[in-house]
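All figures in this text were calculated on a predicted structure; none of them were measured in a lab. Every chain is numbered from 1 and lettered A, B, ... according to where its sequence line falls, protein lines coming before strand lines.
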Amino acid sequence: GAGVSQSPSNKVTEKGKDVELRCDPISGHTALYWYRQSLGQGLEFLIYFQGNSAPDKSGLPSDRFSAERTGGSVSTLTIQRTQQEDSAVYLCATGAAGDGTQYFGPGTRLTVL
Amino acid sequence: AQKITQTQPGMFVQEKEAVTLDCTYDTSDPSYGLFWYKQPSSGEMIFLIYQGSYDQQNATEGRYSLNFQKARKSANLVISASQLGDSAMYFCAMGVNTGGFKTIFGAGTRLFVKA
(Lines give C-alpha, C1' and ligand atoms only; values in the text may rest on other atoms or scores of the structure.)
Protein backbone atom coordinates (compact mmCIF):
# COMPACT_ATOMS: atom_id res chain seq x y z
CA GLY A 1 0.00 0.00 0.00
CA ALA A 2 0.96 3.64 -0.26
CA GLY A 3 0.63 4.53 3.42
CA VAL A 4 2.64 3.90 6.57
CA SER A 5 2.13 0.40 7.88
CA GLN A 6 2.79 -0.94 11.35
CA SER A 7 2.88 -4.43 12.72
CA PRO A 8 1.54 -6.03 14.72
CA SER A 9 -1.69 -4.11 15.08
CA ASN A 10 -2.15 -5.53 18.56
CA LYS A 11 0.34 -7.09 20.93
CA VAL A 12 -0.38 -8.62 24.30
CA THR A 13 2.61 -9.62 26.34
CA GLU A 14 3.54 -10.56 29.86
CA LYS A 15 5.41 -8.25 32.16
CA GLY A 16 9.16 -8.74 31.77
CA LYS A 17 9.07 -9.92 28.16
CA ASP A 18 10.69 -8.07 25.27
CA VAL A 19 8.63 -6.79 22.34
CA GLU A 20 9.46 -5.50 18.88
CA LEU A 21 7.21 -3.13 16.98
CA ARG A 22 7.72 -2.56 13.28
CA CYS A 23 7.11 0.45 11.06
CA ASP A 24 7.21 0.42 7.25
CA PRO A 25 7.41 4.00 5.99
CA ILE A 26 6.06 5.56 2.85
CA SER A 27 8.63 5.00 0.16
CA GLY A 28 11.04 7.90 -0.11
CA HIS A 29 10.21 9.46 3.23
CA THR A 30 13.42 10.29 5.00
CA ALA A 31 11.94 11.34 8.34
CA LEU A 32 10.54 8.73 10.72
CA TYR A 33 9.04 9.34 14.13
CA TRP A 34 7.86 7.11 16.96
CA TYR A 35 5.28 8.34 19.45
CA ARG A 36 3.44 6.78 22.35
CA GLN A 37 -0.17 7.55 23.15
CA SER A 38 -1.63 6.37 26.41
CA LEU A 39 -5.40 6.02 26.72
CA GLY A 40 -7.08 9.41 26.43
CA GLN A 41 -3.79 11.24 26.29
CA GLY A 42 -1.84 13.21 23.72
CA LEU A 43 1.18 12.03 21.80
CA GLU A 44 4.47 11.55 23.59
CA PHE A 45 7.50 11.88 21.34
CA LEU A 46 9.91 8.97 21.61
CA ILE A 47 12.51 9.08 18.85
CA TYR A 48 13.09 10.71 15.48
CA PHE A 49 15.20 9.59 12.52
CA GLN A 50 16.14 11.96 9.71
CA GLY A 51 18.00 10.49 6.78
CA ASN A 52 21.46 9.31 7.74
CA SER A 53 21.79 11.66 10.69
CA ALA A 54 22.09 10.38 14.23
CA PRO A 55 18.60 9.86 15.65
CA ASP A 56 17.12 12.17 18.24
CA LYS A 57 16.51 9.82 21.16
CA SER A 58 15.61 12.50 23.66
CA GLY A 59 12.07 11.21 24.15
CA LEU A 60 12.86 7.62 25.06
CA PRO A 61 11.56 7.16 28.62
CA SER A 62 14.19 4.68 29.80
CA ASP A 63 17.06 2.55 28.58
CA ARG A 64 14.61 -0.30 28.10
CA PHE A 65 13.48 1.47 24.93
CA SER A 66 15.53 1.49 21.75
CA ALA A 67 14.89 1.89 18.05
CA GLU A 68 16.68 1.19 14.84
CA ARG A 69 16.12 2.19 11.28
CA THR A 70 17.77 -0.07 8.77
CA GLY A 71 18.82 1.28 5.39
CA GLY A 72 16.83 4.42 5.93
CA SER A 73 13.61 2.49 5.55
CA VAL A 74 12.00 0.06 8.00
CA SER A 75 12.20 0.91 11.68
CA THR A 76 11.88 -1.31 14.73
CA LEU A 77 11.06 -0.07 18.21
CA THR A 78 12.17 -2.50 20.90
CA ILE A 79 10.98 -2.47 24.48
CA GLN A 80 12.91 -4.74 26.81
CA ARG A 81 11.58 -6.15 30.07
CA THR A 82 8.15 -4.64 29.49
CA GLN A 83 6.26 -3.08 32.38
CA GLN A 84 2.53 -2.49 32.74
CA GLU A 85 3.03 1.25 32.34
CA ASP A 86 4.36 0.56 28.83
CA SER A 87 0.81 -0.30 27.76
CA ALA A 88 -0.20 2.23 25.12
CA VAL A 89 -0.65 2.72 21.41
CA TYR A 90 2.67 3.17 19.64
CA LEU A 91 2.39 5.33 16.56
CA CYS A 92 4.87 5.64 13.75
CA ALA A 93 4.84 8.59 11.37
CA THR A 94 6.95 9.41 8.36
CA GLY A 95 7.54 12.48 6.27
CA ALA A 96 9.47 13.82 3.32
CA ALA A 97 12.36 16.20 4.05
CA GLY A 98 10.20 19.23 3.47
CA ASP A 99 7.85 21.09 5.75
CA GLY A 100 7.57 18.50 8.50
CA THR A 101 4.13 17.16 7.61
CA GLN A 102 3.81 13.66 9.00
CA TYR A 103 1.76 10.73 7.82
CA PHE A 104 0.82 8.31 10.52
CA GLY A 105 0.47 4.58 10.57
CA PRO A 106 -2.46 2.87 12.25
CA GLY A 107 -0.47 2.19 15.41
CA THR A 108 0.32 -0.87 17.48
CA ARG A 109 -1.73 -1.33 20.62
CA LEU A 110 0.54 -2.84 23.26
CA THR A 111 -0.94 -4.40 26.36
CA VAL A 112 1.37 -5.60 29.10
CA LEU A 113 -0.30 -7.94 31.56
CA ALA B 1 12.29 24.97 24.94
CA GLN B 2 9.38 24.35 22.63
CA LYS B 3 5.86 24.10 23.99
CA ILE B 4 2.37 23.69 22.58
CA THR B 5 -0.70 24.58 24.63
CA GLN B 6 -4.29 23.64 23.90
CA THR B 7 -6.45 25.05 26.66
CA GLN B 8 -9.80 23.54 25.60
CA PRO B 9 -10.11 19.92 26.66
CA GLY B 10 -13.57 19.73 25.07
CA MET B 11 -15.70 21.83 22.73
CA PHE B 12 -19.27 21.57 21.51
CA VAL B 13 -20.54 23.01 18.24
CA GLN B 14 -23.84 22.84 16.45
CA GLU B 15 -23.83 21.17 13.07
CA LYS B 16 -23.28 23.63 10.21
CA GLU B 17 -21.76 26.26 12.49
CA ALA B 18 -18.12 27.31 12.61
CA VAL B 19 -15.82 26.50 15.53
CA THR B 20 -12.39 27.70 16.57
CA LEU B 21 -9.94 25.43 18.38
CA ASP B 22 -7.23 27.30 20.23
CA CYS B 23 -3.51 26.63 20.10
CA THR B 24 -0.61 28.68 21.42
CA TYR B 25 3.02 27.82 21.05
CA ASP B 26 6.37 28.86 22.33
CA THR B 27 9.72 28.63 20.61
CA SER B 28 12.78 30.77 20.17
CA ASP B 29 13.58 29.27 16.79
CA PRO B 30 12.73 31.52 13.84
CA SER B 31 11.95 28.61 11.52
CA TYR B 32 9.11 26.35 12.50
CA GLY B 33 5.96 24.75 11.20
CA LEU B 34 2.55 24.49 12.79
CA PHE B 35 0.23 21.59 12.14
CA TRP B 36 -3.19 20.35 13.01
CA TYR B 37 -4.12 16.69 13.09
CA LYS B 38 -7.48 15.00 13.59
CA GLN B 39 -7.87 11.73 15.47
CA PRO B 40 -11.33 10.13 15.14
CA SER B 41 -12.46 7.46 17.55
CA SER B 42 -11.02 4.86 15.20
CA GLY B 43 -7.57 6.05 16.27
CA GLU B 44 -5.83 7.06 13.08
CA MET B 45 -4.09 10.42 12.95
CA ILE B 46 -5.05 12.50 9.94
CA PHE B 47 -3.07 15.51 8.77
CA LEU B 48 -5.32 18.54 8.25
CA ILE B 49 -3.33 21.69 7.66
CA TYR B 50 0.15 23.23 7.81
CA GLN B 51 1.43 26.77 8.39
CA GLY B 52 5.06 27.77 8.01
CA SER B 53 6.51 30.44 10.24
CA TYR B 54 7.47 32.56 7.25
CA ASP B 55 4.16 32.21 5.45
CA GLN B 56 2.49 35.58 5.04
CA GLN B 57 -1.00 34.27 4.48
CA ASN B 58 -3.10 32.01 6.65
CA ALA B 59 -3.28 28.45 5.42
CA THR B 60 -6.58 27.06 4.19
CA GLU B 61 -7.59 23.53 3.24
CA GLY B 62 -11.23 23.18 2.31
CA ARG B 63 -13.30 23.80 5.43
CA TYR B 64 -10.17 24.15 7.57
CA SER B 65 -8.27 27.37 8.02
CA LEU B 66 -5.44 28.23 10.35
CA ASN B 67 -5.62 31.63 12.03
CA PHE B 68 -1.90 32.35 12.40
CA GLN B 69 -1.03 35.27 14.65
CA LYS B 70 2.73 35.23 14.90
CA ALA B 71 3.11 38.06 17.39
CA ARG B 72 0.71 36.32 19.75
CA LYS B 73 2.23 32.90 19.00
CA SER B 74 -1.17 31.46 18.28
CA ALA B 75 -2.26 29.06 15.56
CA ASN B 76 -5.98 28.48 16.01
CA LEU B 77 -7.84 26.04 13.78
CA VAL B 78 -11.13 27.22 12.34
CA ILE B 79 -13.56 24.61 11.03
CA SER B 80 -16.38 26.10 8.99
CA ALA B 81 -19.77 24.48 8.44
CA SER B 82 -19.20 21.73 11.01
CA GLN B 83 -20.31 18.22 10.13
CA LEU B 84 -21.12 15.30 12.39
CA GLY B 85 -18.04 13.55 11.05
CA ASP B 86 -15.87 16.33 12.48
CA SER B 87 -16.39 14.94 15.97
CA ALA B 88 -12.91 13.83 16.99
CA MET B 89 -9.80 14.78 18.92
CA TYR B 90 -7.79 17.58 17.37
CA PHE B 91 -4.09 18.00 18.04
CA CYS B 92 -1.99 21.07 17.39
CA ALA B 93 1.68 20.40 16.76
CA MET B 94 4.86 22.31 16.13
CA GLY B 95 7.92 21.21 14.26
CA VAL B 96 11.18 23.09 14.59
CA ASN B 97 13.54 22.94 11.65
CA THR B 98 16.75 21.46 12.97
CA GLY B 99 17.73 19.92 9.67
CA GLY B 100 14.58 17.90 9.96
CA PHE B 101 11.46 18.57 11.96
CA LYS B 102 11.32 17.31 15.51
CA THR B 103 7.68 17.73 16.44
CA ILE B 104 5.85 18.20 19.70
CA PHE B 105 2.12 17.85 20.15
CA GLY B 106 -0.40 19.61 22.34
CA ALA B 107 -2.70 17.71 24.68
CA GLY B 108 -5.59 17.89 22.23
CA THR B 109 -9.15 19.20 22.12
CA ARG B 110 -12.10 16.88 21.83
CA LEU B 111 -14.73 18.33 19.52
CA PHE B 112 -18.34 17.23 19.71
CA VAL B 113 -20.63 18.22 16.83
CA LYS B 114 -24.31 18.25 17.76
CA ALA B 115 -27.07 17.50 15.26
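No more than 12 heavy atoms of other residues, nucleotides or ligands sit less than 6.0 Å from atom CZ of B/R72. Within a 6.0 Å sphere centred on NZ of A/K57, heavy atoms belonging to other residues, nucleotides or ligands number 12 at most. Around CD of B/Q57, the count of heavy atoms belonging to other residues, nucleotides or ligands within 6.0 Å does not exceed 12. Counting heavy-atom neighbours within 6.0 Å of B/Q69 CD, excluding the residue itself, gives a total above 12. A/L39 CG: 12 or fewer foreign heavy atoms inside a 6.0 Å radius.
Atom CD of A/Q37 sits about 7.5 Å away from atom CE of B/M89, to the nearest 0.5 Å. Rounding to the nearest 0.5 Å gives a distance of 10.5 Å between CG of A/L91 and CD of B/E44. In this structure, CD1 on B/I49 lies 10.5 Å from OG1 on A/T101, to the nearest 0.5 angstrom. In this structure, CZ in A/F104 is found 8.5 Å from CD in B/Q39, a value given to the nearest 0.5 Å.
The distance between the ring centers of B/F105 and A/Y35 falls below 6.0 angstrom.
Heavy-atom pairs under 4.5 Å with chain B peak, among A/P106, A/G51, A/G59, A/G42, at A/G42.
Neither the backbone nor the side chain of A/S53 comes within contact range of chain B; no heavy atoms are under 4.5 Å apart.
In the hydrophobic cluster analysis, where Ile, Leu, Val, Met, Phe, Trp and Tyr join through side-chain heavy atoms closer than 4.5 angstrom, A/F45 is grouped apart from A/I79.
Side-chain N or O atoms of A/Y48 include none that pairs as donor or acceptor with a backbone N or O of B/T103 at under 3.5 Å.
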